[in-house]
Amino acid sequence: MHYLMKLFFSLSLFFVGINGAVGSNQPSQANKNPKLFVFGNSYADTGNMKPTALSWKLPYGITFPGKPSGRYSDGLTATDFLAKQLGAKLPYLWRTHGKKKVKLNRGMNFAFGGSEVFDSPVDRSPNISTQVGFLVNLALARRVYTIDGDLASSYALLSYSGTDYYGFIDQNPNMAAYPAFVEFIVEDIQYSLGIMNG
Ligand SMILES: *[C@@H]1O[C@H](CO)[C@@H](O)[C@H](O)[C@H]1NC(C)=O
């Protein structure tokens with residue numbers, strides 16, 4: 001694949017229907033009690049950062065819900081929009097529900113503002129593979145998620161955007177190594193999602 005295509009692929013906000021076509025209006029088994037699992041960064045975080053983070057301070061949240069809500073937005077995030085589109089309840093937040101004995105019947109949001117595919121020294125938000133690991137551990141530990149019962153109605157939103165690239169360009173202004181770095185990013189995303197499938 002041409003690296004620009006890969007760049008587009010990895011820069012775009014995209015979602016993967018684990019099973020079934022997202023966006024189809026055909027009622028199907030896959031659309032019954034849909035559960036949304038969210039991985040990524042501030043475009044998708046609905047409140048996973050600690051209450052001391054900027055996302056809990058004005059002017060965030062002034063349009064919705066009228067005060068800061070942990071979203072890096074004046075209003076809704078990609079997670080809110082996609083949940084609405086799917087007819088799904090807003091997924092539980094990892095920060096508040098990850099340690100509670102809830103079932104995963106509403107899905108869960110593992111996205112953190114500032115998350116990257118690769119670690120950055122200035123940014124301690126869990127990276128993509130750590131977030132996928134949260135789900136794997138949760139599902140295994142609680143045995144509340146089954147392939148037979150839940151997979152067909154599950155959707156995943158994966159939201160990664162520019163932060164990995166900004167950091168790289170800062171340190172490598174001549175861009176010669178950029179195409180290879182883009183490949184690393186795409187491969188890591190594929191690897192992390194592979195863990196999720198297996
Ligand atoms: C993701 O974070 C974990 C935990 O900090 C770290 O061990 C791992 O190397 C990171 N992965 C990448 C690709 O940077």
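The figures that follow rest on heavy atoms only: side chains count, while hydrogens, waters and symmetry mates do not. Just so you know, ligand 1 is whichever comes first in the structure, and atom 1 is the first atom listed for that ligand.
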Close approach, I128 and ligand 1, non-hydrogen under 4.0 angstrom: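 No heavy atom of I128 comes that close to ligand 1.
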
Determine whether M49 and Y72 make a side-chain contact, defined as any pair of heavy atoms from C-beta on separated by less than 4.5 Å.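 The answer is yes; the side chains approach within 4.5 Å.
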
Quick one: does F118's side chain get under 4.5 Å of I185's, heavy atoms only?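 Yes, at least one pair of side-chain atoms sits under 4.5 Å.
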
Nitrogen or oxygen of D188 less than 3.5 angstrom from that of ligand 1: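 In this structure, D188 places no N or O atom under 3.5 Å from an N or O of ligand 1.
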
For atom 2 (O) of ligand 1, is some protein heavy-atom partner under 4.0 Å away?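 Answer yes: something from the protein, a heavy atom, is under 4.0 Å.
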
Does K35 pair with D150 as a salt bridge, N-O distance under 4.0 Å?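 Yes, this pair counts.
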
Check against side chain to side chain contact (heavy atoms under 4.5 Å, CB included), L93 and M108: CA-CA 6 Å; L93 271 177; M108 193 166 276; over 6 Å; no

For the hydrophobic clusters of this structure (ILVMFWY residues joined by side-chain heavy atoms under 4.5 Å, transitively), does one cluster hold both L82 and L90?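 No; tracing contacts between hydrophobic side chains, which count when under 4.5 Å, never links both residues.
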
Considering only heavy atoms, does V117 approach ligand 1 within less than 4.0 Å through its side chain, its backbone, both, or neither?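 Backbone only.
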
Which atoms from ligand 1 have a heavy atom of [X] less than 4.0 Å away?
X    : answer
N127 : 1 (C), 2 (O), 3 (C), 8 (C), 10 (C), 11 (N), 12 (C), 14 (O)
F118 : 13 (C), 14 (O)
T130 : 1 (C), 2 (O), 3 (C), 4 (C)

Considering only the protein, which heavy-atom contact is closest to atom 14 (O) of ligand 1, and what is its distance?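 The closest one turns out to be D119 N, 3.2 Å.
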
Should the ring pair W94 and F110 be called parallel, tilted or perpendicular, given that the plane angle runs from 0 to 90° and is split at 30 and 60?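 Correct class here is tilted.
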
